[in-house]
Amino acid sequence: MRFDLISIFPDYFTPLTLSLMGKAEDAGLVTLAAHDLRQWATGKHRSVDDTPYGGGAGMVMRADVWARALDDALATPLACENEEAATASCRRVLAIPTPSGTPLTQPVVEDLARADQIIVACGRYEGIDARVAQHYRAAGVEVLEFSIGDYVLNGGEVAAMVLTEAVARLLDGFMGNPDSLVEESHSGAGLLEYPVFTKPRDFRSLEIPEVLLGGNHAAIERWRRDRAIEKTVAVRPDLALSLDAAALSGDDRATLAACGVAYPRAGAAERLTVRQAELEDVVAVSELAARTFPDACPQDLPREAIDEHIATQLSADVFDSLISDPERHRLFVAEVWGGLVGYVLTHVGPDALPSDLVRPGRVDVGNAYLSKCYVDAAWRGSGIADVLLERAVADAAKAGHRAIVLGTNRGNKAAQAFYKKHGFRKRSTRTFDVGGVANYDVVMVRDLTPTGGATLA
Ligand code: SAM
């Protein structure tokens, strides 16, 4: 790839001959050509600027001088033009640094790495006469007006070097170890990089995370991914909301949701809040409950039985009395901008468990009861259920319970796998009445004691 960097201070580009960039040039991977704009200027003073039309402070760089420089740069013969392949056509990009340009992001840089020649026109003073970009665009040249950040520099040289290095390091053969590019910030899904550590192991009482000292590669990978997600949400929430959803696993989504960002099945990500329900949520929760309950029912359960259950067990009145008694009933809701999308209901306290669930030696009378955990269809797989469940479990533990119990339809294998992932184990069975029809549940229990010493079978 060829870079033509045009400036009134071409010496600015000397550092590009150092380090990996210098090596890449020696190896013929890149050609770096720095040009002095004044060689295309005329007159005794070889002036490149003049006063702005319309008045105002500062000087503007002249279009005629720039056009002579750019015509020459665009006419430079390139290696790709000598290729025999019929498709060989050179891609030349005219890049103009300006604080009012398109942000130079990694996707933009990745695209530029496929060009054959990049010409960078470095402005000074108040910038370059606007007709330069206008003229070359109209002439069919690919013009990119780019900014390296929301601040103003004295000239485009630093921006030109930023672009040159960011593009060149993506070229095949540039990096000694191309794997270095794979997990970097802004690559892949678009996450920032996880924190990295090296020797010495002891540094001013700060420790290396334990997982990195063991050889469990899957655990290390997961730890790094989770830290990358946390960092991205904390530092760049804008990026966290615009990740490549196709590159996110279920575990990624669960971590994102735990950090307050939820990715739906389709459509844009949203900020997520999980909070205790309040009385003004009564109608919204009962509607959500009515929407979500049928999905968890067996296919052969009559619709009338489901409707009966919704009318009697999931009404606004029922939720009103539950929310009104937070000492015994704990209701947490998941909320996005569009409204409530999930809820979890637990019963805590000495009489939390329904009596039909108590099985001496298997399910203790004093355990907490996880009654419901539901998420709207559009948001399933987004990690919201994971966040709701963990919130309810932590809440039950905080209330002093040694274990939490739930019943889920025995045919609903997905729900059982979900609860198993969260530490629940099958302990028993029960029948569960839905609108007068008996359904068969498996009863699952999660130990909440730090040592796993709850009295479970
Ligand atoms: N008057 C211009 C404006 O307000 O947008 C600023 C001109 S600046 C002083 C001079 C030159 O520095 C620009 O023409 C551009 O080449 C370069 N420059 C300054 N800030 C830049 C940034 N954030 N990104 C890219 N180039 C920048």
Side-chain angles (χ1 to χ4, degrees), residues 1-16 21 30 32-41 45-74 92-113 115 117-138 141-170 185-186 192 235-236 238-239:
M1 175 182 284
R2 180 182 170 94
F3 293 88
D4 287 279
L5 311 178
I6 310 176
S7 156
I8 55 171
F9 298 120
D11 292 345
Y12 236 105
F13 304 119
T14 310
L16 287 176
M21 200 71 203
V30 296
L32 294 170
H35 310 276
D36 186 350
L37 178 67
R38 288 193 199 279
Q39 63 181 286
W40 288 280
H45 299 293
R46 295 197 163 263
S47 177
V48 297
D49 57 312
D50 215 320
T51 52
Y53 279 116
M59 303 292 273
V60 175
M61 298 189 101
R62 293 170 58 116
D64 55 346
V65 181
W66 269 110
R68 285 193 286 275
L70 295 174
D71 286 349
D72 282 356
L74 286 164
R92 302 175 189 256
V93 179
L94 169 56
I96 305 180
T98 163
S100 60
T102 304
L104 188 71
T105 58
Q106 193 67 15
V108 173
V109 165
E110 282 165 10
D111 176 54
L112 288 174
Q117 181 192 24
I118 300 178
I119 302 162
V120 192
C122 301
R124 283 263 151 186
Y125 320 122
E126 293 308 319
I128 301 174
D129 187 317
R131 291 170 298 176
V132 171
Q134 194 186 352
H135 164 74
Y136 286 101
R137 246 186 218 119
V141 175
E142 187 180 343
V143 177
L144 172 72
E145 291 181 274
F146 73 96
S147 165
I148 61 163
D150 294 342
Y151 40 77
V152 179
L153 303 163
N154 288 335
E157 292 75 13
V158 172
M161 287 197 281
V162 168
L163 178 145
T164 303
E165 184 163 315
V167 170
R169 69 194 295 280
L170 296 180
S185 298
H186 307 293
L192 302 181
V235 179
R236 292 290 303 276
D238 57 321
L239 294 182

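Every number for a ligand or one of its atoms is a count from 1 in the order of the listing.
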Criterion side-chain contact (heavy atoms from CB on, under 4.5 Å) on Leu94 and Glu142, from CA distance to verdict: CA-CA 6 Å; Leu94 169 56; Glu142 187 180 343; over 6 Å; no

Just do the side-chain contact (heavy atoms from CB on, under 4.5 Å) check on Arg137 and Glu145 with the steps written out, would you? CA-CA 11 Å; Arg137 246 186 218 119; Glu145 291 181 274; 3.2 Å; yes

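In this structure, the separation between CZ on Arg124 and CG on Leu37 is 12.0 Å, given to the nearest 0.5 Å. Here Asp129 contributes atom CG and Asp49 contributes atom CG; the two are 12.0 Å apart, rounded to the nearest 0.5 Å. Distance check, rounded to the nearest 0.5 Å: CZ of Arg62 to CZ of Arg68 gives 7.5 Å.
Within 4.0 Å of ligand 1, protein heavy atoms come from Pro97, Thr98, Pro99, Gly123, Tyr125, Glu126, Gly127, Phe146, Ser147, Ile148, Gly149, Tyr151, Val152, Leu153, Asn154, Gly155, Gly156, Ala159.
Within 6.0 Å of CZ on Arg131 lie no more than 12 heavy atoms contributed by other residues, nucleotides or ligands.
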